[in-house]
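Atoms within a ligand are numbered from 1 in the order they appear, just like the ligands themselves. Note that the numbering runs from 1 along the sequence shown for the chain.
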Amino acid sequence: MTTPQQPNQAEGESRIRPATPADTPAILRLAVDTRMFLPHETGALQEEFGGFHAGQRGAGHSLVVWTQTPDAVVSGVAYLGPNTLSERAWDLWMIAVAPDRQRQGIGGDLLRFTESRVTAGGGHLLIIETSSDARFLPTHAFYIRHGYAEVGRIPGFYGDEESKVIFSKRLSAVVVGLS
Ligand SMILES: CC(C)(COP(=O)(O)OP(=O)(O)OC[C@H]1O[C@@H](n2cnc3c(N)ncnc32)[C@H](O)[C@@H]1OP(=O)(O)O)[C@@H](O)C(=O)NCCC(=O)NCCS
């Protein structure tokens, strides 16, 4: 039995849909509310999503949102695509869940969806970059829980005391069903 707060896997993934330009303000709010970006830093993100919606990003790029019902507020987002320097590696550039909806399985839905997209697109490796800052330690726990391993660290990347931390996971070809 599932509750509205803890959707099962199939229900959860069915709540993921492609983002539209109208979702951009909500996605930018998520980026700020989850402390991934400061409010004055969202310009580059907005520009990136503008380029995506204008069809200026490569094949395989996906920007998706998680909503409880089709018309409900955006509770989560993921942005991914193939790494152009690699034949097999894909990047998950952004994953975020609204603070009041975290630890309810939404991030897991988005990550499973991402992995499905990667394998459907012929990818075998998913790479996720994050920060060593203490506020992202729960995020590290999330990735490790989903089978990701820390494969690299670049000290001083984001600040004197803040490293870039790189997680990756090798993906098998079979991941259950999304259209
Ligand atoms: C990372 C994130 C996307 C996970 O989404 P989520 O919906 O909370 O994740 P799920 O509910 O599917 O999984 C929860 C699991 O992740 C880990 N986790 C997530 N948040 C955690 C927290 N605050 N403290 C400890 N563990 C946490 C735990 O393993 C947890 O399992 P548990 O609840 O059974 O202990 C979300 O917490 C988030 O948006 N964080 C801020 C933004 C961010 O860091 N994005 C990634 C930048 S690279």
Flag yes if more than 12 heavy atoms outside R17 fall under 6.0 Å of its CZ atom; otherwise flag no. yes
Is R35 in contact with ligand 1, taking contact as a heavy-atom separation below 4.0 Å? no
Taking distance alone, with N or O pairs closer than 3.5 Å, would you say I128 contacts ligand 1? no
Any donor-acceptor pair under 3.5 Å linking the side chain of S86 with the backbone of N83? no
Please work out which of the three classes, parallel, tilted or perpendicular, describes the rings of F49 and Y79, given edges at 30° and 60°. perpendicular
Below 3.5 angstrom, do we get any N/O pair linking T139 and ligand 1? yes
Within 4.0 Å of some non-hydrogen atom of E129, the atoms of ligand 1 are 48 (S)
Evaluate the side-chain proximity of D133 to R35: yes if any heavy-atom separation is below 4.5 Å, no if none is. no
With no hydrogens and no angle check, is any side-chain donor or acceptor of H61 less than 3.5 Å from a backbone partner on G58? yes
Using distance alone, determine whether D109 and ligand 1 share an N or O pair under 3.5 Å. no
Looking only at non-hydrogen atoms, which of W93, W66, F142, F136 approaches atom 4 (C) of ligand 1 most closely? F142
Geometric N/O contact A96 with ligand 1, under 3.5 angstrom: no
Answer yes or no: are there more than 12 heavy-atom neighbours, outside E161 itself, under 6.0 Å from its atom CD? no
Can you tell me how far apart CG (L126) and OH (Y143) are? Round to the nearest 0.5 Å. 9.0 Å
For atom 10 (P) of ligand 1, the option (of A141, P99, P138, G105) bearing the nearest heavy atom: G105
Evaluate Q104 for polar contact with ligand 1, using N/O atom pairs at a separation under 3.5 Å. yes
Can you figure out which of Q102, R145, R103 has its heavy atom closest to atom 38 (C) of ligand 1? Q102
Within the 4.0 Å heavy-atom shell around T130, which atoms of ligand 1 are there? 48 (S)
Centroid separation under 6.0 Å, is that true for the rings of H140 and Y148? no
Say whether R15 and T67, considering side chains only, have a donor N or O and an acceptor N or O under 3.5 Å apart. no
When only distance counts, is I95 in polar contact with ligand 1, meaning an N/O pair under 3.5 Å? yes
Judged on heavy-atom distance to atom 6 (P) of ligand 1, which of A31, A78, G107 sits nearest? G107
